[in-house]
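See below for the structure under consideration.
Bear in mind that the values here come from a model prediction, so they are computed numbers and not experimental data.
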Amino acid sequence: MSAENRPKILIVDDDEAFRNLVVRLLSPRGFEVLEARSTRDANVLLSKNQFALLIVDYKLPDCDGMTWIQQLRERNFQVPIAFCSGIWCDQKTFSWLRNILRVSLVLNKPIDPQLFVEVIESVVPRAITPVAEEENLVMAVADKSIVQIEYEQILNKFPGSAMAKVELERIIDSPETEADLLEKLKMLRRKLEVEEAVNVAKVKYLGELGQIWPVLTKEIRQYKEDHKNKSAYETAVGLAHKLRGTAGSFHIHHVAHAAGKLEDMLQTLDPTDDLSAEVIWSEIFRHLSEGEISIREERAALGSFTVADDAVPLIRLLFVGVSPVLQALSLSPEVTAICDCASVESLEKALASVRNNTFGAVVIGPPLSNHPQLLKFLQEVRVSEGNQQVPLVLIADEPFNFSDAQLKYAGIAERFHTDITPSELAECVVIVASELDKYKSRILLVDDDEVLTNFVGRILRSHGYVVEALNEPIRIMEALNLFEPHLLILDVIMPGLTGYDVCRLIRGDAHWKDLTVLFLTAKSTAEGRANAFRAGGNDLLSKPVLTEELLARVDTYLQIARLKQVQLDIDAATNLLNRNTFLRRSEKLFDLSAENFTLCLFAVDDYSTINEEHGEFACETILATLGRLIKTRFQTFVLKGRWGEKGFALCFGEEDLAMVNELMQQLQEELQTMSFFGRAGETFRVSFTTGVAQSPADGVTFEQIRDRAVQKLLDNIRDRSRLVNK
């Protein structure tokens, strides 16, 4: 399900760790979770989005949650609201929330993650599971039941979970029916997904705790030394309150208990009463020590569960077919380590899947890899929205029913025998899926702080963007030319070369002068904004980075950038690369594969005659049809573009001359099965003439290959004209 169609939930809480936990828990369940740290930020998001639920904390920096909910209800805001508080509600407050403010749920921190997900879904049912049930199960084969397969999938997906091992043994040993066992396994999978989400967020939170607790200790000490220091007191109470709720939600109970005691004692402490104050201060410092020790113990206990800073989202992989070979590959640790695998047993179900989901690669295996309708199926896959460039991998027994040219023309990127190993498939998927990166939005981060670029990069990559980080701003022009980003996020304060200097440098370059630049700055005042615009920036993001603000700004400016790119790079008549862009990119491809590089130019035959006899509209239809054919045929890495009024161009990096000629013959044959209509309703067919040049036989530089392909095309057009005239 696309992000636009998922139910939206807004979490309003100034505790970033708690927001992160909520996102981790609800996103995998089919919800889109947006974040706000204050009612001001929340009001902005409410004006731009339709939400299915609001989760509102009691203590917010600019307004308490109950007051804000009352303001919303007075504005006739009817969306369900879940009120969340670290303080238990008395009967009067509960009645006010439920009956006057019409709050759907009253939740207390710390939350229980499993119960939290359940009660949220009771208010906002998810519209669809993240992976359709039919895709989540490999169909049973002769020697295994569906229950056994589900059992193995869970065991492979959650190898480090103690809960998984204990619960799986209990379920499998149960004498219940297969249907009941399958239902219990599904419930266990859901519990394990929640557990994993909590653990991932917990790793990050424990790292933050190691920094927050010393701050809490420092503020408490400052208040002890000067009981008139209200700032230190309020900061300490606020931190203790947050830790009490959030640490408990992560099941870090000893830390939550210590924080709760600190909050209570600070609020009851009378620093002017020397006798009682001495006893209470003794207890306060004891709990500070206990909290610090507990944090160390929790970090040590979770040491085996780590999240890499450069973690890359899993590749969505669809297996099509049912056989022991595909089952073994889809369950292998080598594949599941990098792929989120789904499986279907028929071509019909595979088409339904690709029409409703986007995949990083599709693997077709026995018995469907030799199916009579395979080529038609491949064509249907490539015209589905979101998967037009998806790499296709074929696994089949000998003999193949189709030639290499037929398969490559249909888009098969790689073909393997059924003895392929999981490691070979995993390596192949990584390579072919990386080809999709050139169709994704690219973002360049420039900041000397590697921690920040890792953090921002991880957020952006998880939402499907291709991200590069540059920690040496002096190399900006080199990085731009190599990476060709659609958007630049630029820190203001950097050693040696400030963000303002970098932006001025970019604006002085003819090729990059229109690149969208977002400044990243802690100074989001009117003066800071004015400086950003004066230096040539398009907008600025404030530090600390708020995930929702980052994604909203990036998405907005990338949409604008895509429109600009279409105007600059795409030919409107054919929807292919225009000539200038094709030349620039094919020259780059030549630099990477000069030893085996083929450029194929081809032109519609008798184009001027067609225009005279059948009209301009007929010519436009021919160009659009050829553009659509070219875009949805051939392998993903083939570069495709428009070349002149009646011409097209293809750039192959790895094919020999004989294969290129066979592929062009496939295109010629498909084109000649199509009928076109003239101005009077008459029908006619078209063909084209090619000119192919290859390195090193036709040249050792890109210019030589280009000129030789043009010359061959012109020669072949003249030869065809002489034959027609005879």
Show the nearest heavy-atom pair for residues [X] and [Y], with the distance to one decimal.
X: L589; Y: C651; result: CD2-SG, 3.7 Å
X: A361; Y: V432; result: CB-CG2, 4.5 Å
X: V660; Y: C600; result: CG1-CB, 4.4 Å
X: A410; Y: L378; result: CB-CD1, 3.7 Å
X: P366; Y: T418; result: CG-CG2, 3.7 Å
X: S346; Y: K349; result: OG-N, 3.1 Å

Inset, instruction - Assess whether atom CD of E208 is packed by more than 12 heavy atoms of other residues, nucleotides or ligands within 6.0 Å. - result: yes
Inset, instruction - Step through the shown structure and confirm whether more than 12 heavy atoms of other residues, nucleotides or ligands are within 6.0 Å of NZ on K376. - result: no
Inset, instruction - Output all residues satisfying ring pair (Phe, Tyr, Trp, His ring centres under 6.0 Å) with F652, sequence neighbours left out; order by chain, then residue number. - result: none
Inset, instruction - Given side chain to side chain contact (heavy atoms under 4.5 Å, CB included), test I120 with L26 step by step and report yes or no. - result: CA-CA 9 Å; I120 292 299; L26 298 182; 4.0 Å; yes
So [Y] and [X], do their side chains get closer than 4.5 Å, heavy atoms only?
X: F31; Y: E121; result: yes
X: L407; Y: L375; result: yes
X: I395; Y: I420; result: yes
X: K408; Y: R415; result: no
X: R633; Y: V638; result: no
X: V554; Y: I489; result: yes
X: V430; Y: I338; result: yes
X: L667; Y: L663; result: no

Inset, instruction - Apply side chain to side chain contact (heavy atoms under 4.5 Å, CB included) to the pair L34 and I11, showing each step before the final yes or no. - result: CA-CA 6 Å; L34 281 66; I11 167 71; over 6 Å; no
Rounded to the nearest 0.5 Å, what separation is found between the [atom1] atom of [X] and the [atom2] atom of [Y]?
X: C339; Y: F319; atom1: SG; atom2: CZ; result: 7.0 Å
X: I570; Y: N575; atom1: CD1; atom2: CG; result: 6.5 Å
X: I705; Y: L599; atom1: CD1; atom2: CG; result: 8.0 Å
X: F359; Y: L392; atom1: CZ; atom2: CG; result: 12.0 Å
X: I443; Y: Y465; atom1: CD1; atom2: OH; result: 6.0 Å
X: L374; Y: N401; atom1: CG; atom2: CG; result: 9.0 Å

Legend entry - Test side chain to side chain contact (heavy atoms under 4.5 Å, CB included) applied to E662 and D404, step by step: CA-CA 9 Å; E662 283 192 60; D404 280 351; over 6 Å; no
Quick check: does any side chain N or O of [X] sit under 3.5 Å from a backbone N or O of [Y], one acting as donor and the other as acceptor?
X: K640; Y: K631; answer: yes
X: D569; Y: L577; answer: no
X: S369; Y: I364; answer: no
X: S27; Y: R24; answer: no
X: Q635; Y: I412; answer: yes
X: H486; Y: S441; answer: no
X: S695; Y: F597; answer: yes

Legend entry - Side-chain donor-acceptor contact under 3.5 Å, N20 with E16: no
Inset, instruction - Verify the distance criterion only: is there a donor paired with an acceptor across the side chains of E655 and T598 at less than 3.5 Å? - result: no
Legend entry - CA sep, side-chain torsions, deciding dist, call: R475, L470, side chain to side chain contact (heavy atoms under 4.5 Å, CB included): CA-CA 8 Å; R475 295 178 49 240; L470 177 66; 3.3 Å; yes
Legend entry - Salt bridge flag under 4.0 Å for residues E484 and R584: yes
Inset, instruction - Decide, yes or no, whether a salt bridge links E468 with R461 under the criterion of side-chain N to carboxylate O below 4.0 Å. - result: no
Inset, instruction - Show the numbers, then the answer: is there a side chain to side chain donor-acceptor pair (under 3.5 Å) between E670 and Y409? - result: CA-CA 11 Å; E670 185 171 8; Y409 180 69; 2.6 Å; yes
Inset, instruction - Run through L351, V354, V320 and flag the one making a side chain to side chain contact (heavy atoms under 4.5 Å, CB included) with V344. - result: V320
Legend entry - Test log, rule side chain to side chain donor-acceptor pair (under 3.5 Å), inputs E669 and Q665: CA-CA 6 Å; E669 290 173 2; Q665 183 61 33; 3.3 Å; yes
